[in-house]
Amino acid sequence: MQKPNMAVTGDETAATGDMPTYQIRAPTTALPQGVVMAASPGSLHSPQQLAEEATRKRELRLMKNREAAKECRRRKKEYVKCLESRVAVLEVQNKKLIEELETLKDICSPKTD
DNA sequence: GGCTTAAGACGTCAGTGCAA
DNA sequence: TTGCACTGACGTCTTAAGCC
């Protein structure tokens with residue numbers, strides 16, 4: 001049993017405004033190996049042939065979606081890794097700036113004794 | 001060794017955006 | 001309008017780690 005899905009928001013860009021790497025859409029025209037193109041609709045006759053065609057279309061769609069999901073997950077992992085390394089860089093940068101600020105405070109503040 | 005549990009990977013469904 | 005790619009959400013399975 002599946003629950004109704006939430007709307008897709010694509011809010012990953014909220015922080016930076018950049019297109020997340022895992023959302024960049026590359027054209028994927030190549031079919032997976034072993035996929036046979038459909039017969040032309042005009043060549044279908046019996047209800048059984050129609051049913052077979054529907055089944056074949058569904059299997060093709062599932063196979064494509066399966067591959068798309070794998071690729072989507074791979075891109076998302078890459079994107080998260082990229083964000084994590086950026087966080088690490090920014091934390092170092094922030095620490096240095098805080099240290100610099102403290103140094104300047106020491107230099108500029110009047111002596112109290 | 002058998003158990004519980006958390007984490008990760010996977011397949012599927014459903015909703016969205018876009019090009020033709 | 002339609003077909004398709006993309007992706008969030010969900011359920012299931014597998015595996016590793018911790019506990020008894």
Side-chain angles (χ1 to χ4, degrees):
Chain A
M1 174 60 90
Q2 302 238 9
K3 292 180 181 177
N5 292 332
M6 300 295 288
V8 175
T9 58
D11 56 357
E12 288 81 2
T13 60
T16 62
D18 296 336
M19 172 70 92
T21 55
Y22 77 97
Q23 283 192 335
I24 295 173
R25 300 183 177 189
T28 54
T29 54
L31 289 174
Q33 287 187 345
V35 174
V36 179
M37 294 303 292
S40 62
S43 67
L44 295 175
H45 300 296
S46 69
Q48 185 184 350
Q49 280 177 313
L50 290 173
E52 284 174 0
E53 175 66 6
T55 300
R56 197 201 59 78
K57 278 187 179 177
R58 172 181 158 78
E59 285 175 355
L60 180 60
R61 179 174 54 79
L62 289 180
M63 184 166 63
K64 281 187 175 182
N65 188 245
R66 192 153 53 228
E67 295 302 314
K70 281 182 189 171
E71 183 62 17
C72 180
R73 288 178 185 124
R74 188 193 65 74
R75 282 198 297 267
K76 188 170 184 176
K77 278 180 70 176
E78 195 176 324
Y79 173 63
V80 168
K81 272 175 73 175
C82 185
L83 282 183
E84 286 172 347
S85 55
R86 180 160 167 75
V87 165
V89 167
L90 289 174
E91 281 178 345
V92 169
Q93 193 177 341
N94 191 45
K95 192 177 175 185
K96 283 184 182 174
L97 287 171
I98 289 172
E99 288 173 358
E100 189 179 339
L101 177 63
E102 292 304 320
T103 302
L104 290 172
K105 274 185 185 173
D106 286 346
I107 293 172
C108 296
S109 64
K111 300 279 168 94
T112 54
D113 47 46

_Pairwise distance CG(A:Leu60) to CG(A:Asn65) - rounded to 0.5 angstrom_ = 11.0 Å

Could you pull out the protein-nucleic contacts involving nucleotides 12-14 of chain C (nitrogen or oxygen on both sides, under 3.5 Å)?
none

_Whole-Å distance separating the CG atom of A:Asn65 from the C1' atom of C:dA9_ = 13 Å

_Checking contacts here: which listed nucleotide (C:dA5, C:dC6, B:dC13) is nearest the side-chain heavy atoms of A:Leu62?_
B:dC13

*Apply the test salt bridge (charged side-chain N to carboxylate O under 4.0 Å, His left out) to residues A:Glu84 and A:Lys81: give CA-CA distance (whole Å), side-chain angles for both, the deciding distance (0.1 Å), then the verdict.*
CA-CA 5 Å; A:Glu84 286 172 347; A:Lys81 272 175 73 175; over 6 Å; no

*Under the salt bridge (Lys or Arg N to Asp or Glu O under 4.0 Å) test, which residues partner A:Lys105, sequence neighbours left out?*
A:Glu102

*asked:* Going by the rule salt bridge (Lys or Arg N to Asp or Glu O under 4.0 Å), which residues pair with A:Glu71 if we only count those two or more places apart in sequence or in a different chain?
replied: A:Arg74, A:Arg75

*Measure the CD-OG1 distance between A:Glu100 and A:Thr103 for me, rounded to the nearest 0.5 Å.*
7.5 Å

*Pick one: which of A:Asn94, A:Val87, A:Val89 meets side chain to side chain contact (heavy atoms under 4.5 Å, CB included) with A:Glu91?*
A:Val87

_Separation of B:dG11 P from A:Glu67 CD (nearest whole Å)_ = 8 Å

*Checking A:Glu67 side chain against A:Lys64 main chain: does a donor-acceptor pair fall under 3.5 Å?*
no

*Can you tell me the distance, in whole Å, between the CD atom of A:Glu59 and the P atom of B:dT12?*
10 Å

*Using whole Å, report how far CG of A:Leu60 lies from P of B:dT12.*
13 Å

*asked:* Test of understanding: with side chain to side chain donor-acceptor pair (under 3.5 Å), list the residues that count as partners of A:Glu52, not counting sequence neighbours.
replied: A:Gln48

*Please give the angle, rounded to 10 degrees, between the axes at the start and the end of the helix from B:dG1-C:dC20 to B:dA20-C:dT1, where five pairs define each axis.*
10°

What does the list of N/O pairs under 3.5 Å between the protein and nucleotides 7-9 of chain B look like, with a distance for each?
from	atom 1	to	atom 2	distance (Å)
B:dA9	OP1	A:Lys77	NZ	3.0

*Specify the separation, in whole Å, of atom NZ of A:Lys70 and atom C1' of C:dT7.*
16 Å

*Given atom CD of A:Glu71 and atom P of C:dC6, what is their separation to the nearest angstrom?*
8 Å

_Which nucleotide in B:dT12, B:dC13, C:dC6 has an atom nearest any side-chain atom of A:Arg61_ = B:dC13

_Is there a side-chain contact between A:Arg66 and the phosphate of B:dT12, meaning an N or O under 4.0 Å from OP1 or OP2?_
yes

